[in-house]
Amino acid sequence: MAEERTRVSPYWWLLHRVAAARGRLFPWSPVFLATGIGTYFLLPVEPGFGTWVSLGFVTLLAVVLAAWFWRALGPVFLALALMTGGVMLAGAKAGSVGAPVLGFRFYGAVEGRVVIIDRSQSDAVRLTLDQVYLDGVSPADTPERVRVSLHGQQGYIDPEPGLRIAMTAHLSAPQGPVEPGGFDFQRMAWFRQIGAVGYTRVPVLTLAEAVQGRAGLAVHRLRMRISTWVQAQMQGEEGAFAAAIMTGDRSGMSRETLAALRGSNLAHLLAISGLHMGLLTGFVFAAMRTLFALIPMVALRFPTKKIAAVIALGAGAFYLALSGGNVATERAFIMVAAMFIAILFDRRALTIRSVAMAALVVLVLHPQALTEPGFQMSFSATTALVAVFGWMRDWGGWQAPRWARPVLAVVISSAVAGAATAPFAAAHFNQVSYFGLLANLLSVPLMGAIVMPLAVLAAVLAPLGLSWLALAAMKPAISWILGVASHVSSMEGAVGHVASPPDFVVPLIAVGGLVMVLWRGWGRMAGLAPLALGLLLWSQVQRPDLLVSQSGGLIGLMTPAGRSVNKTRGEGFAVRSWLENDGDPVPQEDAFARGTFLGEKGHLLFDLGTRQVVHLSGRGAKDRVTDACATGALVILSAEAEQIPRNCDLWDRKALAQTGPRAVYVKDGTWRVVETRATSGVRLWNRDQ
């Protein structure tokens with residue numbers, strides 16, 4: 001009888017667990033919403049009308065059931081509603097940003113209004129234009145936005161938002177992944193409404209000056225004036241660094257300094273994101289509270305803590321506008337805003353609930369951000385830091401001496417943030433900074449204790465003409481940071497490279513980390529299983545033995561020394577992506593020098609497993625197809641074949657245009673061919689190809 005009384009059905013066990021966790025489930029809300037959003041991006045085809053109706057019905061039904069059975073299984077039904085709602089949210093966003101995409105290669109006159117100014121990977125100035133006019137293209141077929149890199153002799157314009165310009169440019173539609181499962185620039189461009197990308201080598205001319213009074217123009221001009229003034233007061237790389245962290249303008253930074261910051265894992269110090277926004281608003285909040293405390297009349301009569309929170313929030317909003325208001329900075333502002341709003345409502349600011357609230361806001365506004373490294377790294381670092389310091393706050397054991405706590409906090413925060421972001425940084429950038437923790441320990445304290453407070457002080461002293469005092473005091477700290485970056489990045493073995501993981505590895509690592517942070521009790525150890533599985537699968541990743549570009553003109557063969565490519569120049573973006581995804585980012589010339597191809601230029605031969613492959617390119621390549629096919633080899637042709645011989649395995653430009661780049665895996669003599677279009681599916685952003 002006793003045994004029967006203690007036996008509990010799974011239903012009642014689940015009810016008990018849900019009831020016990022009640023009050024701690026809100027932080028899981030963005031996790032379930034993100035699951036739905038991620039599911040949308042993984043779908044092989046775009047859902048049809050019937051699917052959307054079904055999802056809407058399931059979401060509504062789940063919400064009703066959640067309200068009806070709230071005391072029992074309400075949270076379970078709400079989780080289902082968030083997941084299905086996430087799919088619908090991402091689909092709605094993808095549909096709402098739809099705009100024409102250029103359907104052919106264009107060369108001719110281009111006019112437009114400058115809306116975004118940035119730099120390409122080659123450090124060329126790059127302009128994004130709206131209100132576009134393309135010579136000979138109907139308005140219905142003209143992209144909403146185009147992005148053009150400026151090469152050749154320029155300098156006839158000073159780009160700023162609102163400036164209407166004209167040029168002669170080469171444009172084409174944004175391209176998809178350069179290999180199956182690779183980075184999908186086409187999808188990113190779709191959500192940014194960029195329907196064409198290209199370059200110009202002729203001077204860009206002004207058609208109409210930027211309209212005075214526009215907020216974007218006013219903020220840009222203020223930002224550039226501040227950047228120019230800072231660099232005039234503080235010469236060299238230190239001034240360029242100061243301008244970058246204060247205004248977001250990196251144009252003064254040299255490529256060598258940027259490379260050193262990346263190699264030492266200090267590049268995040270340049271990005272106006274969570275660290276800068278937190279340091280700035282935190283300093284303003286603390287400074288205002290201290291100031292009010294010094295005035296008894298104010299301190300005794302007014303809620304100074306809340307007033308300081310409002311002022312700090314205003315400072316963060318100004319910093320957001322000054323930096324250009326990009327998505328990363330917007331995300332950082334939302335995170336700090338959630339914390340200061342919590343203070344206004346007499347809630348604890350740094351909690352997992354605040355982070356979850358910020359994540360929900362970002363995902364609702366920008367569901368596509370889920371797939372971007374900025375979102376993943378920002379929230380992984382913030383979640384881990386809030387969780388660890390929360391555990392430390394509740395720790396009842398040994399406590400460090402008061403004088404040592406600030407130092408210990410810096411060490412712990414650098415270690416925790418570095419560990420939390422490392423898998424995502426390695427997955428997206430294929431790079432690991434082995435001495436990044438050391439560099440951060442030597443630099444972040446100065447950033448928080450000296451550089452950012454002095455930046456705020458410089459702004460306060462500017463009306464008095466004394467801001468140069470703050471900038472002068474800031475320079476030694478910046479010199480130290482840049483010196484650390486240069487020294488650490490140049491140390492032997494400072495930077496390692498890893499191959500890109502399979503698609504499911506990053507979600508596994510994220511789920512494992514979230515379970516360890518959000519779960520209570522020893523059950524959080526269950527998160528180690530998906531975390532370990534993800535890392536194990538990543539370590540066993542197999543890169544393609546052969547990669548073929550969509551043009552058919554570029555091939556990359558894996559060798560014991562690394563991937564070998566068939567040409568020294570041309571299709572450089574694809575080569576760079578292939579080598580980075582291999583975890584072997586050598587220059588294209590070095591990859592070509594590995595030359596394992598036989599034959600002569602335009603007619604290369606190599607063995608892949610038990611088969612021979614022939615690559616034909618250059619003048620007269622089509623005329624050599626018949627002879628190449630007669631050998632029984634796989635023939636790759638960088639042109640469109642006029643006639644395909646019988647029983648010929650031919651990959652020509654036409655076939656590759658239909659499938660996208662191809663990858664070949666060879667195991668035990670057996671070939672497995674993977675096509676990019678098959679892995680990318682037929683979605684809104686690529687269905688016209």
Side-chain angles (χ1 to χ4, degrees), residues 121-123 236-242 244-245 250 252-271 273-276 279 373 377 380-381 384-385 407-452 474-501 535 538-539 561-563 576 579-591 593-594:
Q121 286 190 338
S122 63
D123 205 36
E237 291 297 308
E238 291 86 356
F241 183 94
I245 64 171
R250 302 189 192 181
M253 301 289 296
S254 69
R255 301 184 70 175
E256 294 75 14
T257 299
L258 292 172
L261 289 167
R262 284 193 293 268
S264 58
N265 198 28
L266 292 177
H268 66 93
L269 297 182
L270 281 181
S273 55
L275 175 65
H276 297 73
L279 292 175
M377 295 174 67
S380 63
L385 285 169
V407 177
L408 184 62
V410 169
V411 173
I412 292 175
S413 60
S414 296
V416 170
T421 58
F424 303 100
H428 288 284
F429 305 118
N430 305 102
Q431 181 172 298
V432 178
S433 178
Y434 293 116
F435 305 130
L437 175 59
L438 173 63
N440 277 271
L441 291 176
L442 294 173
S443 302
V444 172
L446 273 72
M447 195 74 184
I450 299 177
V451 177
M452 290 306 295
M474 186 194 303
K475 185 172 183 178
I478 295 178
S479 297
W480 170 268
I481 292 172
L482 295 179
V484 168
S486 176
H487 180 73
V488 170
S489 63
S490 62
M491 294 171 64
E492 185 176 355
V495 179
H497 301 281
V498 296
S500 293
L535 295 175
W538 192 350
S539 68
R563 193 170 302 278
R576 184 168 58 251
L579 295 171
E580 287 178 351
N581 292 339
D582 290 339
D584 182 32
V586 299
Q588 184 169 347
E589 294 81 2
D590 293 354
R594 292 167 176 166

Q) Quick one: does S486's side chain have a donor or acceptor within less than 3.5 Å of a partner on G483's backbone? A) no
Q. Can you name the closest pair of heavy atoms from M474 and A242 and give their distance?
A. SD-CB, 4.1 Å
(Q) Is any side-chain heavy atom of L446 closer than 4.5 Å to one of W480? (A) yes
Q.
With heavy-atom distances below 4.5 Å as the criterion, would you say the side chains of F424 and S380 are in contact?
A. yes
Q) Is D590 reaching over with its side chain to a backbone N or O of V586, donor-acceptor style, under 3.5 angstrom? A) no
Q.
So, taking the atom named CZ in F241 and the one named OG1 in T257, what distance separates them when rounded to the nearest 0.5 Å?
A. 10.0 Å
Q. At what distance, to the nearest 0.5 angstrom, does OG of S264 lie from CG of L437?
A. 12.5 Å
Q: Would you name the heavy atoms of A494 and S489 that are closest together and state the gap between them?
A: CB-O, 3.9 Å
Q. When you look at L269 and I481, which way does the side chain to side chain contact (heavy atoms under 4.5 Å, CB included) test go after all the steps?
A. CA-CA 10 Å; L269 297 182; I481 292 172; 3.8 Å; yes
Q. About how many Å separate CD of E237 and CD1 of I478, when rounded to the nearest 0.5 Å?
A. 11.0 Å
Q. How about N265 and S433: does a side-chain donor come under 3.5 Å of a side-chain acceptor?
A. no
Q) Between CG of L261 and CZ of R250, what distance do you get to the nearest 0.5 Å? A) 9.0 Å
**Q.** Closest contact, heavy atoms only, A427 versus S500
**A.** O-OG, 4.4 Å
**Q.** Residues, nucleotides or ligands: over 12 heavy atoms within 6.0 Å of H487 NE2
**A.** no
Q. If we only count heavy atoms from C-beta on, is the I245 to M447 side-chain gap below 4.5 Å?
A. yes
Q. Sequence neighbours excluded, which residues qualify as side chain to side chain donor-acceptor pair (under 3.5 Å) partners of E238?
A. S479
Q: For V484 and S443, work out which heavy atoms get closest and say how close.
A: CG1-OG, 3.6 Å
Q: Quick one: pull up CG in N430 and NE2 in H497 and give me the separation to the nearest 0.5 Å.
A: 9.0 Å
Q.
Please check this pair: side chain of W538 against backbone of P423, looking for a donor-acceptor N/O pair closer than 3.5 Å.
A. no
**Q.** Pairwise salt bridge (Lys or Arg N to Asp or Glu O under 4.0 Å) hits with a residue in residues 579-588, at least two apart
**A.** R543-D582, R563-D582, D584-R594
